[in-house]
Chemist: 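What follows is a single structure, and I will ask about it in a moment.
Given the structure is predicted, the values throughout are model-derived calculations rather than measurements. Whatever order the structure lists them in is the order used to number ligands and atoms, beginning at 1.
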Amino acid sequence: MASPSPDREEQANDWQQRAPAWTRWAGTMERMADRFNQPLLDAAGIADGQTVLDLASGAGEPALSIARRVGPSGHVTATDLVPEMLDGIERRAQAANLSNLSVRESDMQALPFEDESFDRVVCRFGIMFSPDEGKALSEALRVLKPGGRAAYMVWGPLEDTTVFVVLQSTVRRFLGDQSPPAALPQFRFGPAGSLASVFEAAGFTDVAEQELRFHPRPEAGSGFWRPQLDMSFGHRIRHLSSEERQALDATIDNAFEMYREDDVYRLTAHIRIVTGDKAKE
Ligand SMILES: C[S@@+](CC[C@H](N)C(=O)[O-])C[C@H]1O[C@@H](n2cnc3c(N)ncnc32)[C@H](O)[C@@H]1O
């Protein structure tokens with residue numbers, strides 16, 4: 001695997017600092033988030049009446065989409081390492097009148113749930129931050145009911161998702177960060193088959209991987225990248241003066257120009273979904 005395993009305390013600290021930005025942008029990002037959520041829910045086989053565990057829920061994706069799909073006779077438990085993220089989810093669920101969603105602070109490597117509690121376990125863009133992914137997958141298998149399924153979404157290689165390519169390189173250069181991009185935990189499971197092999201080693205059956213490629217066409221000059229900048233780097237750039245911040249914003253806008261065609265930027269995004277089943281007894 002290209003990058004070392006993340007450190008749990010560093011992750012908890014990093015995500016705690018990011019939580020306000022994630023909560024702030026959750027509403028704005030909701031429609032785009034749902035374009036990723038629906039294929040994940042389809043792959044997991046999420047259906048009416050199920051009991052679902054969402055790991056590393058962040059600001060509530062895909063937990064809120066799951067709550068809508070399982071309906072009033074189903075239930076979703078949204079979890080995260082960072083309590084500040086869970087506060088935001090509760091507020092979103094209340095505003096959306098979703099009473100079939102509850103939250104629980106949980107490390108995905110040591111889940112506070114009984115064996116065989118859930119029909120489905122889902123995780124969107126979270127497993128890459130776990131220091132021991134094998135342990136996290138074993139825990140998911142433990143809490144699944146026999147015949148249940150887990151479905152996890154991860155990013156493909158960094159170079160396939162334009163927004164990250166531009167923001168990572170521009171901001172890191174601006175901040176003088178010399179560490180190699182390959183060390184970024186987000187892309188740990190970029191190589192094909194890398195997460196599927198962890199599912200298999202943990203004891204899942206019928207493990208399958210699918211690739212999704214998106215081709216976003218945001219309006220040029222619209223500053224569409226601002227939510228992602230704030231969510232990814234807000235805590236690292238808040239010390240910049242207003243002049244420095246203007247300079248950074250202009251540098252980012254310039255960096256996107258190479259993807260411009262008429263009034264839009266032609267971008268790509270690459271995602272993998274890995275699924276695995278728990279054998280029926
Ligand atoms: C990239 S965000 C994804 C959030 C959400 N699922 C989404 O797709 O928008 C990663 C989340 O993983 C959480 N996280 C990191 N390590 C974790 C762990 N060991 N157990 C549970 N959650 C963790 C972070 O707090 C953060 O909310």
Chemist: Counting only heavy atoms and a distance below 4.0 Å, can you name the residues contacting ligand 1?
Modeler: Trp15, Trp22, Ala56, Ser57, Gly58, Glu61, Asp80, Leu81, Val82, Met85, Ser106, Asp107, Met108, Arg124, Phe125, Phe129
Chemist: Is it true that Arg226 and Asp230 make a salt bridge, defined as a side-chain N closer than 4.0 Å to a carboxylate O?
Modeler: no
Chemist: Between Phe214 and Phe36, what is the ring plane arrangement, given parallel below 30°, perpendicular above 60°, and tilted in between?
Modeler: tilted
Chemist: Could you give me the CA-CA distance, side-chain angles and deciding distance for Glu114 and Arg142, then say whether salt bridge (charged side-chain N to carboxylate O under 4.0 Å, His left out) is met?
Modeler: CA-CA 8 Å; Glu114 301 283 317; Arg142 179 182 68 75; over 6 Å; no
Chemist: Test Arg69 against every option in Asp42, Asp48, Asp34 by the salt bridge (charged side-chain N to carboxylate O under 4.0 Å, His left out) rule and name the one that passes.
Modeler: Asp42
Chemist: Looking at Asp14 and Arg18, is any side-chain nitrogen of the basic one under 4.0 Å from a carboxylate oxygen of the acidic one?
Modeler: yes
Chemist: Which residues satisfy the side-chain contact (heavy atoms from CB on, under 4.5 Å) test with Thr28, sequence neighbours excluded?
Modeler: Trp25
